[in-house]
Amino acid sequence: MKTKRVIRSITLTGLILFTTITLFLSASILLDIFGIREQQGYYVPLVIWSNFLSGCLYTLSLIGLFSHKRWSIIPMMLALFILVGAFFGLFSHILNGGQFEDKTIIALFLRIVLTLFFALGTYVSTKTQL
């Protein structure tokens, strides 16, 4: 039971930070706040929109996780599927000769891995004991 509490605390803390960064950066690029869009170079709108949508889903998951609700895994899984879809979309974009930054591939891959990590933490934190 103590392990479950530790996993929940780590998941909550990490997910709060990750959600904040995700929403700030994706909204800043979409709305061109603070000139961040210019600093990013070539960005792929599909990736930015999927990041923003994932940030909204992370927020829903946080609400459920704070409330100890089992449904909090659903937004995390949806975010994971959206990001994997965006990865395939990025791959298609690259194959069709679209412009992109190399860091986009790495960042999207890391985002998928972190989302999987947070989804597992959410699942473990909210599953019922057998």
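Hydrogens, waters and symmetry mates are skipped; everything else that's a heavy atom, side chains included, is used.
L57 and F24 fall into different hydrophobic clusters, defined by Ile, Leu, Val, Met, Phe, Trp and Tyr side-chain heavy atoms under 4.5 Å apart, directly or through other members. The hydrophobic cluster containing L25 does not contain L46, counting ILVMFWY residues as joined when their side-chain heavy atoms lie under 4.5 angstrom apart, directly or transitively. With hydrophobic clusters built from ILVMFWY side chains whose heavy atoms lie under 4.5 angstrom apart, L53 shares a cluster with F88. Residues W49 and L83 fall into different hydrophobic clusters, defined by Ile, Leu, Val, Met, Phe, Trp and Tyr side chains chained together at heavy-atom separations under 4.5 Å. The hydrophobic cluster containing V84 also contains V44, counting ILVMFWY residues as joined when their side-chain heavy atoms lie under 4.5 angstrom apart, directly or transitively.
The NE2 atom of H68 sits 9.0 Å away from atom OG of S125, with the distance rounded to the nearest 0.5 Å.
Here T122 pairs with T11, S61, L65, S72, I73, M76 under the side-chain contact (heavy atoms from CB on, under 4.5 Å) rule; sequence neighbours left out. Residues satisfying the side-chain contact (heavy atoms from CB on, under 4.5 Å) test with F81, not counting sequence neighbours, are M77. Evaluation of the ring pair (Phe, Tyr, Trp, His ring centres under 6.0 Å) rule for F18 yields Y58, F118 as partners, not counting sequence neighbours.
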With a 3.5 Å cut-off and sequence neighbours excluded, list the donor-acceptor pairs that the side chains of residues 90-98 form with protein atoms.
residue: H93; atom: NE2; partner: Q99; partner atom: O; Å: 2.9
residue: N96; atom: ND2; partner: S92; partner atom: O; Å: 3.1

Identify each donor-acceptor pair in which a side-chain atom of residues 104-114 lies under 3.5 Å from a protein atom, sequence neighbours left out, and give them as a table.
residue: T104; atom: OG1; partner: E101; partner atom: O; Å: 3.2
residue: R111; atom: NE; partner: N51; partner atom: OD1; Å: 3.1
residue: R111; atom: NH1; partner: T22; partner atom: OG1; Å: 2.7

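The stretch residues 75-90 participates, sequence neighbours left out, in no side chain to side chain donor-acceptor pair (under 3.5 Å) pair at all.
Here the side chains of I74 and W71 are in contact, with some heavy-atom distance below 4.5 Å.
The number of heavy atoms from other shown groups lying within 6.0 Å of CZ (F117) does not exceed 12.
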F66 and I16: CA distance, side-chain angles, deciding distance, side-chain contact (heavy atoms from CB on, under 4.5 Å) verdict: CA-CA 11 Å; F66 271 118; I16 288 169; 3.8 Å; yes

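Closest heavy-atom contact between I82 and S50: CG2-CB, 3.6 Å. L23 approaches C56 most closely through the heavy-atom pair CD2-N, 3.8 Å. A pairwise comparison of heavy atoms in K127 and K4 identifies O-NZ, 2.5 Å as the closest pair.
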